[in-house]
Amino acid sequence: MNFIKVFIMILLINGVFNSLSFADDPKQFGPSFKFDASLPLEITSDQLTIEQNIGQAIFTGNVIASQGDLVLTAVKVIVEYQVTDSRMTSNMKKLTAKEDVTIISKTQSAEASTVVYNIKGETIIMSGNVLLKEGVSATSGDKLTINLKSGSRRMEGNVRTLIISEEKNE
C-alpha cells in the first residue's frame with residue numbers, strides 16, 4: 001500500500017509543479033491550504049473509528065483527504081465535529097493530521113509531523129520539521145502558523161529560507 005501512496009504523491013506533485021508558471025509574481029502566492037466547506041471532503045484510509053459521544057472520526061493508515069484542489073496525506077487524521085444534544089453533527093470544528101503529513105495545493109506544498117486546522121478560528125498550525133515550498137523557493141522551520149483570514153504566516157524555530165530569483169529575459 002505504501003507503493004500506491006508514493007505513486008499517487010509523485011503524480012500529484014508532478015501535476016502541481018508542471019502546472020505552475022515559475023515566472024509568476026511571487027506575491028500571488030497566498031494561503032491556499034484552506035479547506036473549502038462548500039466542496040465535498042473525501043477521505044480514504046485503511047480504517048475508520050467513529051466516536052459519536054465525543055464527536056470524532058479517526059482515520060488511520062494511508063489517509064488521503066481531498067477537497068477541490070487541496071490534497072492532504074498522513075498516517076492518521078482526526079476530525080472533530082460539533083456535538084449537539086449528545087449527537088455528533090456534520091459541522092467540522094478541527095482537523096488534526098499526524099505522522100508524515102503532506103499538503104499539496106495548486107501553488108504550494110508542505111510537509112510536517114503534525115498539522116492542526118482550526119476551522120472556526122481559520123488557522124493552520126504545522127509543527128515538526130516543517131517544509132513549505134512555493135514555486136522554486138522553500139522555507140523550513142519547527143513551526144508554521146498560517147492565519148487564513150489575514151493571509152499572514154509565521155515560521156518559528158530553526159528557520160531556513162531558500163529564495164531563487166527568476167531572471168527575466170527582456
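No hydrogens, no waters, no symmetry mates; every other heavy atom, side chains included, goes into these values.
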Take Thr161 and Met155 through the side-chain contact (heavy atoms from CB on, under 4.5 Å) test and state the conclusion after the steps. CA-CA 10 Å; Thr161 301; Met155 184 73 79; over 6 Å; no
How far does [atom1] of [X] sit from [atom2] of [Y], to the nearest 0.5 angstrom?
X	Y	atom1	atom2	result
Ile146	Gln108	CD1	CD	6.5 Å
Glu80	Ile78	CD	CD1	7.0 Å
Leu162	Ser137	CG	OG	6.5 Å
Gln56	Lys93	CD	NZ	9.0 Å
Thr123	Lys94	OG1	NZ	9.5 Å
Asn62	Asp46	CG	CG	4.5 Å

Min side-chain heavy-atom separation [X]-[Y] under 4.5 Å:
X	Y	result
Glu111	Asn129	no
Val83	Ile54	no
Met88	Ile50	yes
Asp69	Ser105	no

Hydrophobic cluster membership, with links at side-chain heavy-atom distances under 4.5 Å among I/L/V/M/F/W/Y: are [X] and [Y] in one?
X	Y	result
Leu70	Leu41	yes
Ile58	Leu72	no
Val77	Leu48	yes

At their closest point, which heavy atom of [X] faces which heavy atom of [Y], and how far apart are they?
X	Y	answer
Ser127	Ala112	O-CB, 3.6 Å
Arg153	Leu144	CB-CD1, 4.1 Å
Leu131	Lys133	CD2-CE, 3.5 Å
Glu156	Thr145	OE2-OG1, 4.3 Å
Met126	Val130	O-CG2, 3.5 Å
Ile43	Phe59	CG2-CD2, 3.5 Å

Of Arg87, Met92, Gln52, which is the lone residue that meets side chain to side chain contact (heavy atoms under 4.5 Å, CB included) with Tyr81?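 The residue from Arg87, Met92, Gln52 that satisfies side chain to side chain contact (heavy atoms under 4.5 Å, CB included) with Tyr81 turns out to be Met92.
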Asn91, CG: over 12 other non-hydrogen atoms inside 6.0 angstrom: yes
